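Reviewing the structure listed below.
In this text the structure is predicted, and so the values were computed from the model without any measurement. Note that ligands are numbered from 1 as they come in the structure, with each ligand's atoms numbered from 1 the same way.
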Amino acid sequence: MSRVRVAVLISGRGSNLEALLVACKAPDFPAEIVLVISNREDAQGLQVAKDAGVAIKVIPHKQYSMREEFDAAIDDALRAANVSLVCEAGFMRIHSEWFVKTWEGRLLNIHPSLLPAFPGIRVHQQALDAGVKISGCTVHFIVPELDSGPIIAQAAVPVSPSDTAGTLAARILVEEHRIYPEALKLVAAGKVKLKNGKAVFLPSP
Ligand code: GAR
């Protein structure tokens with residue numbers, strides 16, 4: 001079975017990267033992670049990649065004055081590794097429109113809220129401040145508008161009155177680790193595609 005070659009983009013801890021790596025160990029998983037790119041050389045997730053024997057590349061955004069130049073360096077690394085799909089997992093940079101259009105339909109992200117609620121940063125605090133009783137996480141195709149791409153998978157978790165941003169984040173993270181591999185599996189197997197700005201799911205045979 002030929003597997004789709006995937007790169008994971010990270011900026012930090014790398015727990016979602018780890019969940020994807022574990023999923024890729026299954027013999028019938030349709031994707032393999034061949035490259036991990038971080039914009040920070042101190043990202044803990046780089047060690048996760050090394051431990052799994054996956055190639056790593058650090059591309060520090062601070063070395064580039066223009067967003068497009070930083071994205072061009074990422075694009076070069078992805079092409080050099082013959083990557084077909086990109087999963088962003090806690091990658092805390094916003095891409096240029098050029099990069100997003102170039103990788104359209106092949107660029108996924110996980111976000112720790114039930115989008116379209118609470119895009120951006122300080123997501124768990126936003127949810128607590130809004131007083132929602134349910135939050136969760138979303139895997140979506142990336143489009144140029146931040147955190148607003150077509151949705152591939154979501155999971156909900158209850159919000160308790162005693163929650164802090166930290167306790168809520170921990171509860172949501174468990175679900176992130178479950179749905180990101182599921183979403184990657186669907187996209188890598190060609191069962192969901194981005195078409196005319198929508199996530200189109202193929203009916204199961
Ligand atoms: C995750 O909770 C992910 O959803 C979030 O960063 C965390 C990264 O954790 N991403 C965003 O907020 C993107 N807007 P990880 O490095 O352990 O996977």
Side-chain angles (χ1 to χ4, degrees), residues 6-24 31 33 35-52 54 56-61 67 70-71 74 85-96 99-100 103 107-130 132 134-159 163-185 187:
V6 173
V8 181
L9 270 53
I10 62 167
S11 297
R13 183 178 49 190
S15 72
N16 276 292
L17 163 64
E18 194 162 12
L20 294 173
L21 284 164
V22 168
C24 287
I33 296 170
L35 178 65
V36 171
I37 298 176
S38 173
N39 63 311
R40 297 180 58 112
E41 63 183 356
D42 60 351
Q44 273 174 263
L46 288 170
Q47 192 59 46
V48 174
K50 280 187 202 162
D51 290 347
V54 175
I56 61 168
K57 190 160 180 71
V58 177
I59 304 178
H61 61 275
R67 207 180 280 286
F70 172 60
D71 280 346
I74 295 176
L85 257 183
V86 180
C87 290
E88 311 219 337
F91 183 69
M92 303 309 267
R93 304 301 302 170
I94 295 171
H95 289 295
S96 56
F99 181 87
V100 175
W103 286 89
L107 198 51
L108 316 186
N109 182 45
I110 186 147
H111 184 80
S113 74
L114 290 175
L115 290 171
F118 316 128
I121 57 170
R122 297 181 65 254
V123 177
H124 306 101
Q125 194 57 50
Q126 286 191 58
L128 294 178
D129 291 348
V132 293
I134 293 170
S135 192
C137 48
T138 303
V139 180
H140 62 94
F141 287 110
I142 295 180
V143 298
E145 302 75 35
L146 185 68
D147 296 333
S148 56
I151 292 168
I152 302 164
Q154 284 187 312
V157 305
V159 180
D163 266 329
T164 62
T167 59
L168 180 57
R171 193 175 311 118
I172 290 174
L173 196 62
V174 174
E175 294 303 306
E176 293 187 39
H177 296 165
R178 186 176 64 78
I179 68 166
Y180 210 175
E182 284 179 6
L184 173 57
K185 189 173 183 178
V187 176

Identify the protein heavy atom lying closest to [atom], giving its residue, its atom name and the separation to 0.1 Å.
{"atom": "atom 9 (O) of ligand 1", "value": "Arg13 NH2, 3.1 Å"}
{"atom": "atom 6 (O) of ligand 1", "value": "Gly90 CA, 3.7 Å"}
{"atom": "atom 5 (C) of ligand 1", "value": "Pro112 CD, 3.9 Å"}
{"atom": "atom 10 (N) of ligand 1", "value": "Ile110 O, 3.7 Å"}

Got a donor-acceptor contact below 3.5 angstrom from the [X] side chain to the [Y] backbone?
{"X": "Gln44", "Y": "Gly14", "result": "no"}
{"X": "His111", "Y": "Pro116", "result": "no"}
{"X": "Ser113", "Y": "Val123", "result": "no"}

*Considering only heavy atoms, does Glu88 approach ligand 1 within less than 4.0 Å through its side chain, its backbone, both, or neither?*
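Looking at Glu88 and ligand 1, no heavy atom falls under 4.0 Å.
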_Are the side chains of Leu108 and Phe141 in contact, using a 4.5 Å heavy-atom criterion?_
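Contact flag for Phe141/Leu108 side chains = yes.
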*asked:* Tell me whether the rings of Phe70 and Phe91 are parallel (<30°), tilted (30 to 60°) or perpendicular (>60°).
replied: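 Rings of Phe70 and Phe91: parallel, as their planes differ by under 30°.
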*Can you sort out which atoms of ligand 1 are near Ser15, meaning under 4.0 Å from one of its heavy atoms?*
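Every atom of ligand 1 under 4.0 Å from some heavy atom of Ser15: 15 (P), 16 (O), 17 (O), 18 (O).
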*At a 4.0 Å threshold, what atoms of ligand 1 neighbour a non-hydrogen atom of Glu176?*
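Those qualifying, in numeric order: 1 (C), 2 (O), 3 (C), 4 (O).
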State whether the shortest distance between N or O atoms of [X] and N or O atoms of ligand 1 falls below 3.5 angstrom.
{"X": "Gly14", "answer": "yes"}
{"X": "His111", "answer": "yes"}
{"X": "Asn16", "answer": "yes"}

*Qualifying residue for side-chain hydrogen bond (donor to acceptor under 3.5 Å, both in side chains) with Asn109, from Glu88, His95, His140*: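 Output: one option passes, namely His140.
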*Side-chain donor-acceptor pair under 3.5 Å between Ser15 and His177, yes or no?*
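Indeed, the side chains of Ser15 and His177 share at least one donor-acceptor pair under 3.5 Å.
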